[in-house]
2 protein chains.
Amino acid sequence: MALEHAILVSLLEKPGSGYELARRFERSIGYFWTATHQQIYRVLKRMEGDGMLAVREVPQQGRPDKKEYSVAAPGRAALSQWLHEPVEPESLRHDLAVKIRGAAFDDPAALVREVERHRQAHADRLAHYLAGQVRDFTGPEAPAPLDAGQELQHVVLRGGIAYERMTIAWLDDVLATLHRLAERPPHARG
Amino acid sequence: MALEHAILVSLLEKPGSGYELARRFERSIGYFWTATHQQIYRVLKRMEGDGMLAVREVPQQGRPDKKEYSVAAPGRAALSQWLHEPVEPESLRHDLAVKIRGAAFDDPAALVREVERHRQAHADRLAHYLAGQVRDFTGPEAPAPLDAGQELQHVVLRGGIAYERMTIAWLDDVLATLHRLAERPPHARG
DNA sequence: TCCTCCTATGCAACGAGTTGCATAGGCAAG
DNA sequence: CTTGCCTATGCAACTCGTTGCATAGGAGGA
């Protein structure tokens with residue numbers, strides 16, 4: 001399971017509380033692995049019990065105290081072992097593709113709005129990634145030269161950017177197809 | 001949950017047994033939604049109990065009898081309703097990206113083989129999709145003109161093709177980055 | 001003959017992921 | 001002063017997904 005490993009990587013990059021991890025999983029790490037706070041708290045507790053993580057109670061002012069987690073030696077070893085094992089190339093899980101095929105048994109034109117909504121969401125994500133790229137890697141505020149960790153974070157971000165661009169282009173293809181089908185004379189429809 | 005809906009779409013395209021569905025989920029529908037036979041049998045049973053599907057025992061010769069499922073009226077209504085509801089744009093779940101970021105705390109060069117393996121898997125899938133595209137949609141054996149259902153299947157397949165091409169290009173980027181890091185003098189490493 | 005693979009269906013156990021809810025102090029807007 | 005949002009942690013119930021195993025007849029090769 002990769003949630004444990006994603007947490008190890010994130011805590012090696014910077015120790016933090018369950019709450020902070022949950023926020024990182026809404027951006028950064030979350031670009032390619034999502035998790036809710038409930039899931040994170042549960043796994044943190046288990047990993048602490050397994051000795052993979054160390055905890056430190058941090059009192060705070062004006063806000064609740066937090067438990068700051070960091071990676072212990074066994075956690076680092078577990079991550080290292082996983083890095084040296086092969087993982088399966090993952091498959092897509094794409095609701096929208098199911099809907100598109102399902103539209104053949106319903107009204108294809110009714111999908112246009114839904115597809116446009118998805119296109120907008122992906123365009124927003126792309127803009128967000130591009131801003132992050134300038135801020136952290138290519139802009140004047142970015143460190144230069146980048147260290148190995150930053151180079152690796154950058155190449156992952158480039159993957160996210162490529163994914164969003166590809167998806168937007170495909171959704172345009174989908175929209176063009178839906179419009180073409182809508183303009184067909186009824187006798188030519190499936 | 002989209003497995004139910006993927007099953008409805010697949011059974012509308014063509015009725016079949018749990019076993020046949022499982023095979024379709026290894027290709028076709030499975031390009032963008034995966035499921036094992038255990039999962040499929042369990043969901044088929046539940047959907048039958050809910051009245052979404054009709055079953056017919058089909059005796060066979062030289063092989064075990066099968067239960068052929070087809071979509072009943074309530075199933076069709078449930079699919080239609082889902083098609084008219086918005087779904088969330090999905091997020092990626094990418095083990096390999098977690099590994100790449102984790103490599104900063106291990107040996108980046110050790111990842112090269114793993115990335116090459118993934119590249120090969122994606123190249124194989126791409127070749128498979130392209131062959132299917134020629135066979136079913138663009139080649140001399142393909143029906144012409146395509147009906148609406150086939151047009152929609154084709155645009156979904158084009159999405160799969162675009163995804164694999166993008167992924168291969170990104171993995172080449174990853175490999176180039178890993179090689180660049182390996183050639184750095186040690187003092188410049190993170 | 002034995003071994004393996006293919007069709008075909010299924011149970012049991014577990015781990016992963018989602019949804020809803022609860023607590024509790026501080027802060028800011030109306 | 002109440003309403004709602006932010007930080008911070010967590011439980012409970014449920015569904016989804018994976019893994020291992022079981023059954024059983026037929027086909028084909030060593």
I need the [atom1]-[atom2] distance between [X] and [N], as an integer number of Å.
{"X": "Ile7(A)", "N": "dG17(C)", "atom1": "CD1", "atom2": "P", "value": "10 Å"}
{"X": "Ile40(A)", "N": "dG17(C)", "atom1": "CD1", "atom2": "C1'", "value": "12 Å"}
{"X": "Leu21(B)", "N": "dT7(C)", "atom1": "CG", "atom2": "C1'", "value": "15 Å"}
{"X": "Gln39(A)", "N": "dT15(D)", "atom1": "CD", "atom2": "C1'", "value": "13 Å"}
{"X": "Leu44(A)", "N": "dG17(C)", "atom1": "CG", "atom2": "P", "value": "14 Å"}
{"X": "Asp50(A)", "N": "dG15(C)", "atom1": "CG", "atom2": "P", "value": "11 Å"}
{"X": "Glu4(B)", "N": "dT15(D)", "atom1": "CD", "atom2": "P", "value": "11 Å"}

Share the residues that join Val134(B) in a hydrophobic cluster, the rule being Ile, Leu, Val, Met, Phe, Trp or Tyr side chains under 4.5 Å apart at the heavy-atom level. none
Running the 4.5 Å side-chain criterion over Ile, Leu, Val, Met, Phe, Trp and Tyr, what cluster does Tyr19(B) land in, apart from itself? Tyr41(B)
Could you tell me whether Trp170(A) and His94(A) have their ring centroids closer than 6.0 angstrom? yes
Donor on one side chain, acceptor on other, Arg158(A) and Thr177(B), under 3.5 Å: yes
Between Trp82(B) and His5(B), what is the ring plane arrangement, given parallel below 30°, perpendicular above 60°, and tilted in between? parallel
Give a yes/no answer on whether the side chain of Arg93(A) brings an N or O atom under 4.0 Å of OP1 or OP2 in dC16(D). no
Mind running salt bridge (charged side-chain N to carboxylate O under 4.0 Å, His left out) on Glu20(A) and Lys14(A) for me, showing each step along the way? CA-CA 10 Å; Glu20(A) 284 162 351; Lys14(A) 189 171 168 34; over 6 Å; no
Please enumerate all protein N or O atoms sitting under 3.5 Å from an N or O of nucleotides 8-12 of chain C, with distances to 0.1 Å.
unit_1, atom_1, unit_2, atom_2, d
dA8(C), OP1, Gln60(B), OE1, 3.2
dA8(C), OP1, Gln60(B), NE2, 2.5
dT9(C), OP1, Lys67(B), N, 2.9
dT9(C), OP2, Tyr19(B), N, 2.8
dT9(C), OP2, Tyr41(B), OH, 2.8
dT9(C), O5', Tyr41(B), OH, 3.3
dT9(C), O4, His37(B), NE2, 3.4
dG10(C), OP1, Lys45(B), NZ, 3.2
dG10(C), OP1, Lys67(B), NZ, 2.5
dG10(C), O6, His37(B), NE2, 3.2
dG10(C), O6, Gln38(B), NE2, 3.4

